[in-house]
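Here is the structure we will look at.
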Amino acid sequence: MKTLFIDMDGVIVDFMQSVKNHPEYEKYKNEIDALPDVFLNALPMEFAIDSVGKLLDCGKYEVYIASTAPWGNIDSLSHKRIWIERYFGERLKKRLILTHRKDFLMGDYLIDDRLKNGAGEFKGEFIHFGTDKFPDWNSVLEYLL
Ligand SMILES: [Mg+2]
């Protein structure tokens, strides 16, 4: 089995939509990571839940979630944990890694929309979500399945 890490915001979580729809957006627009419950109430990205399910089902990958929780938003750590259970039940239980150093992750693939927090220095293959090569989940599945 290959080890596959999947980022949350901008890959399976529609963080920007949650930001834009937040009632306190104007007050927090210069520190969007600090918006109350912004991670808890975010909706999934299109096809993300189904696609991660397919990657879990295909038997080729040991799937982990690798996300960075903003240091200043203390609730975000538990909210990310709640979010994973809300959308995946037990399927990703104990498979959530919260880190600012994604370059420390040992594995084969990382799907991430940004190069930040060590993602760009990941030692395995970097699948850059949202780029021309991997614009959406369909293109990622086509490549990995
Ligand atoms: Mg991201």
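As the structure lists them, so they are numbered: ligands from 1, and atoms in each ligand from 1. We're numbering straight along the sequence, starting at 1.
The count of protein N, O or S atoms under 2.8 Å from the Mg ion (ligand 1) stands at 3, with waters excluded from the count.
Applying salt bridge (Lys or Arg N to Asp or Glu O under 4.0 Å) to E90 and the options R86, K94, K93 leaves one that passes, K93.
Around atom CZ of R81, no more than 12 heavy atoms belonging to other residues, nucleotides or ligands sit under 6.0 Å away.
In this structure, K20 has no salt bridge (charged side-chain N to carboxylate O under 4.0 Å, His left out) partners at least two apart in sequence or on a different chain.
Listed by first and then second residue, the salt bridge (Lys or Arg N to Asp or Glu O under 4.0 Å) pairs involving residues 110-139 are K102-D112 (not counting sequence neighbours). For residues 68-80, the set of pairs meeting the salt bridge (Lys or Arg N to Asp or Glu O under 4.0 Å) definition, not counting sequence neighbours, comprises D9-K80.
I6 is not listed as a side-chain neighbour of Y64, based on a closest heavy-atom distance of 4.5 Å or more.
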